[in-house]
Participant: 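I'd like to ask you about the structure that follows.
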Amino acid sequence: MDKNVIVVNHPLLNHKIALLRDVNTAMKQFREIVCEVSTLLAYEALKDVPVEAREVTTPLESVTQYVVKENSVAIVPVLRAGLGMVNGVLALLPTAEVGHIGIYRDPETLEAKEYYCKLPEKIADKKVIVLDPMLATGASACAAISMLKSKGCKDIKLMSILAAPQGIDKVRNSHRDVQVFLACVDRGLNGNGYIVPGFGDAGNRLFGTK
Ligand code: URA
């Protein structure tokens, strides 16, 4: 696979994926696990977070230590399932700003259409991580990335929990510069555009809707 597609392989992540797949995992636990998986993915995706030197005085002496540069990262969940990943990333980087992009699929043209966009100031200068737990056709993630590029963003990563090969291909073909972080890649899509074997509808399972 392309070096810009990073499938984080760890037994703890795989265990959590099994719990997400399980139809008997109820909303509260599903939510908690999405959050935990997002923290583990963020640990990888933030490896190149901007840092700056800071002088720190220990009880014994002073030392130069690298700390995360303030205001350097924004996370952008794609509504609505991306919201389930936000707290997991903030657990690692509580100072990250949070933008929101809402995208729906036009039932006639099947094109991804933006219906909401609220982004932090100066987002073009920040490292941006798009959150979309299910990379199915890739249409929403690609539309969100295009929107961010149209605002001048140059350093964009995509974090998804589960992907179908079709979604990965779409992002690779449309946005080759964007690194994609995943916990798992599944077999494909069913006729309704769901990832199989998948988790089902992540938004419904996160928010208790049908
Ligand atoms: N969105 C979901 O919530 N689940 C899928 O399988 C695909 C898209």
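If you read the sequence from its start, that first residue is 1, and numbering goes on from there. For ligands, and for the atoms within them, numbers begin at 1 and follow the listed sequence.
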Participant: Under a single-linkage definition using a 4.5 Å side-chain heavy-atom cutoff for Ile, Leu, Val, Met, Phe, Trp and Tyr, are L158 and V73 assigned to the same hydrophobic cluster?
Facilitator: no
Participant: Would you call the rings of F199 and F30 parallel, tilted or perpendicular, where under 30° means parallel and over 60° means perpendicular?
Facilitator: perpendicular
Participant: For residues 76-95, tabulate all N or O donor-acceptor pairs below 3.5 Å that involve a side-chain atom, not counting sequence neighbours.
Facilitator:
from : atom 1 : to   : atom 2 : distance (Å)
R80  : NH1    : T209 : OG1    : 3.0
R80  : NH2    : N204 : OD1    : 2.8

Participant: Does K122 have any salt bridge (charged side-chain N to carboxylate O under 4.0 Å, His left out) partners at least two apart in sequence or in another chain, and if so, which?
Facilitator: none
Participant: Apart from V67 itself, what residues make up its hydrophobic cluster when side-chain heavy atoms of I, L, V, M, F, W and Y under 4.5 Å apart count as a link, directly or indirectly?
Facilitator: none
Participant: Which protein residues have a heavy atom closer than 4.0 Å to any atom of ligand 1, listed by chain and number?
Facilitator: M134, A136, G193, Y194, I195, G200, D201, A202
Participant: Do other residues, nucleotides or ligands put more than 12 heavy atoms under 6.0 Å from the OH atom of Y66?
Facilitator: no
